[in-house]
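Shown next, in structure tokens, is the structure this report addresses.
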Amino acid sequence: MITFLSGGTGTPKLLRGMQKVVDRHEIAVIVNTAEDTWISGNHISPDLDTVMYLFSGILNTDTWWGVRNDTFTTHEEARRLGHDEFMRIGDRDRAVHILRGAMLRKGMRLTEVTRVLCERLGVCEAVLPMTDTEVTTQVVTATGPVHFQEYWIREQGKIDILEVVRRCDVPPAATEEALMTIEASDAVVIGPSNPITSILPILSCEGIRSALKDKFVVAVSPFIGHAPISGPAGALMKAAGYEPSAIGTFNCYRGIPDIFIQDIRDEVEVSHSFRFDTLMTDEDKSIAFARNVLSLIRNH
Ligand code: GDP
Ligand code: FO1
């Protein structure tokens, strides 16, 4: 079993390749939930949905969120009636959010809800939320804190960030399922996801760091040079006090990975790192990089 720690874009690109080179029952993914939010009474979990839709074969891989060829009839009609959801939510995507919201309101744990959804979507990999309680990444701006999704989607990432914080009523603990999966794994891969908004929230769940101590851990940089391939990782790394680069990512994960992978194009070397082409612009490139990660794991 190989366990991946994942957000909703970079690591799913690696998982797209892994699916093709590893038995799908041997893949487990612990997914960030600190970007979750409730919209129009329904529960959005962007990273869980991306991973579920990928494994189910319905993901829109142009955007890396939402369902391929989805329609937006409800979203547009709601807007016409004066209800403007700041996230564009597709109709099929919304069906999942409605169902998840209903199951959560009944008192089911997010882990259990995700298991039911995965079963109905025909997913055979293990998809595990990092925690069953609510925790939210907020970006602190000059006018106060805003939910990460509002910063990134409504504000288009254009406001200055003073700080990145995580809010919760109870400190998030890793689920028993997540910890048992790590325990049963031959290796753990910290995929090329946003260190600040995707990976640190997972590493900060009680139990995760100690579970990783005795494991073979591979981490992949989501940067090429001083820029992320997509998304707001650059500004968020700076706000959190890290250089937006492979070196900054390495420092962010200090003490956790046994092996660190950076891109062949990086000019600055992280000492003892492995170098690969990590840019996964299509399925073949995802498969090629997945093979390289796998060979490191099998040869360790
Ligand atoms: P989010 O939840 O949508 O923010 O997605 P993630 O946290 O999983 O991934 C975002 C990160 O993925 C960004 O920092 C990107 O730089 C990185 N990323 C996207 N595509 C690639 C790729 O092909 N290769 C690598 N190495 N990183 C990527
Ligand atoms: N990202 C956008 O940039 N614009 C959107 O309107 C948008 C809608 C959306 C709906 C459901 C969902 O699961 C994800 C959605 N995303 C959208 C992705 C968004 O959540 C971010 O790309 C990631 O969270 C960034 O980390």
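Both counts, for ligands and for their atoms, begin at 1 and track the order of listing.
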Option with minimal heavy-atom separation from atom 11 (C) of ligand 1, where the choices are Ala246, Pro12, Pro192, Ser6: Pro192
Identity of the nearest option to atom 7 (O) of ligand 1, non-hydrogen atoms only, from Ser198, Gly231, Gly234: Ser198
Per-atom contacts of ligand 1 with Pro228, taking only distances under 4.0 Å to non-hydrogen atoms: 14 (O), 16 (O)
For the student: nearest non-hydrogen atoms of Leu5 and Ile202, plus distance: CB-CD1, 4.0 Å
Residue selection (non-hydrogen contact nearest atom 13 (C) of ligand 1) among Ser230, Ser286, Gly10, Ala227: Ser230
Which residue and heavy atom of the protein sit nearest atom 28 (C) of ligand 1, plus the separation: Ile229 CD1, 3.6 Å
Closest protein heavy atom to atom 22 (C) of ligand 1, given as residue, atom name and distance to 0.1 Å: Thr278 O, 3.6 Å
Side-chain touch Ser273/Ile261, heavy atoms, less than 4.5 angstrom: no
Donor-acceptor under 3.5 Å (Ser286 side chain, Lys13 main chain): yes
Structural part of Ser221 in contact with ligand 1, heavy atom criterion under 4.0 angstrom: backbone
Under 3.5 Å donor-acceptor, Asn42 side chain and Gly101 backbone: no
Donor + acceptor pair across side chains of Ser204, Arg166 (<3.5 Å): yes
Polar side-chain atom of Arg100 near backbone of His43 as donor-acceptor pair, under 3.5 Å: yes
Closest protein heavy atom to atom 5 (O) of ligand 1, given as residue, atom name and distance to 0.1 Å: Thr9 N, 2.9 Å
Backbone or side-chain N or O of Thr197 under 3.5 Å from ligand 1 N or O: no
Of all pairs that satisfy side chain to side chain donor-acceptor pair (under 3.5 Å), the ones with a partner from residues 208-228, not counting sequence neighbours: His226-Glu243
Ligand 1 contact on Lys13 by region, counting heavy-atom pairs under 4.0 Å: side chain
Any Leu279 heavy atom less than 4.0 Å to ligand 1: yes
Summary of side chain to side chain donor-acceptor pair (under 3.5 Å) pairs that have at least one residue in residues 170-188, sequence neighbours excluded: Thr3-Ser185, Arg109-Glu177
Side chain Arg275, main chain Asp263, donor-acceptor under 3.5 Å: yes
Under 3.5 Å: donor-acceptor pair, side chain of Asp266, backbone of Val268: no
For ligand 1, the portion of Ala233 having any non-hydrogen atom under 4.0 Å away: side chain
Result block: side-chain N/O donor-acceptor pairs under 3.5 angstrom for residues 112-122, not counting sequence neighbours:
from, atom 1, to, atom 2, distance (Å)
Glu112, OE2, Arg115, NH2, 2.9
Thr114, OG1, Leu110, O, 2.6
Arg115, NH1, Glu119, OE1, 3.0

Closest approach of any protein heavy atom to atom 23 (O) of ligand 1, naming residue and atom: Met280 N, 2.8 Å
Donor-acceptor pair, side chain of Thr50 and main chain of Asp47, under 3.5 angstrom: no
Identity and distance of the protein heavy atom lying nearest atom 2 (O) of ligand 1: Gly8 N, 2.9 Å
Backbone or side-chain N or O of Phe223 under 3.5 Å from ligand 1 N or O: no
Asn194, portion touching ligand 1 at heavy-atom distance under 4.0 Å: both
N or O pair under 3.5 Å between Thr281 and ligand 1: no
Check: Trp64 main-chain N/O paired with Thr61 side-chain donor or acceptor under 3.5 Å: no
Need the list: ligand 2 N/O atoms against protein N/O atoms, distance under 3.5 Å, rounded to one decimal.
from, atom 1, to, atom 2, distance (Å)
ligand 2, 1 (N), Trp65, NE1, 3.4
ligand 2, 6 (O), Arg88, N, 2.9
ligand 2, 20 (O), Gln149, OE1, 2.9
ligand 2, 20 (O), Gln149, NE2, 3.3
ligand 2, 24 (O), Glu35, OE1, 2.6
ligand 2, 24 (O), Gln149, NE2, 2.9
ligand 2, 26 (O), Glu35, OE1, 2.9

Atoms in ligand 1 flagged as close to Asp47, the criterion being non-hydrogen separation under 4.0 Å: 2 (O)
Glu85 versus Ser40, side-chain donor and acceptor atoms under 3.5 Å: yes
Val220, any N or O under 3.5 Å of ligand 1 N or O: no
CA sep, side-chain torsions, deciding dist, call: Arg79, Glu76, salt bridge (charged side-chain N to carboxylate O under 4.0 Å, His left out): CA-CA 5 Å; Arg79 188 161 56 187; Glu76 278 151 18; 5.3 Å; no
Asp49 side chain vs Asp93 backbone, donor-acceptor pair below 3.5 Å: no
Part of Ser193 with heavy atoms under 4.0 Å of ligand 1, whether side chain, backbone, both or neither: both
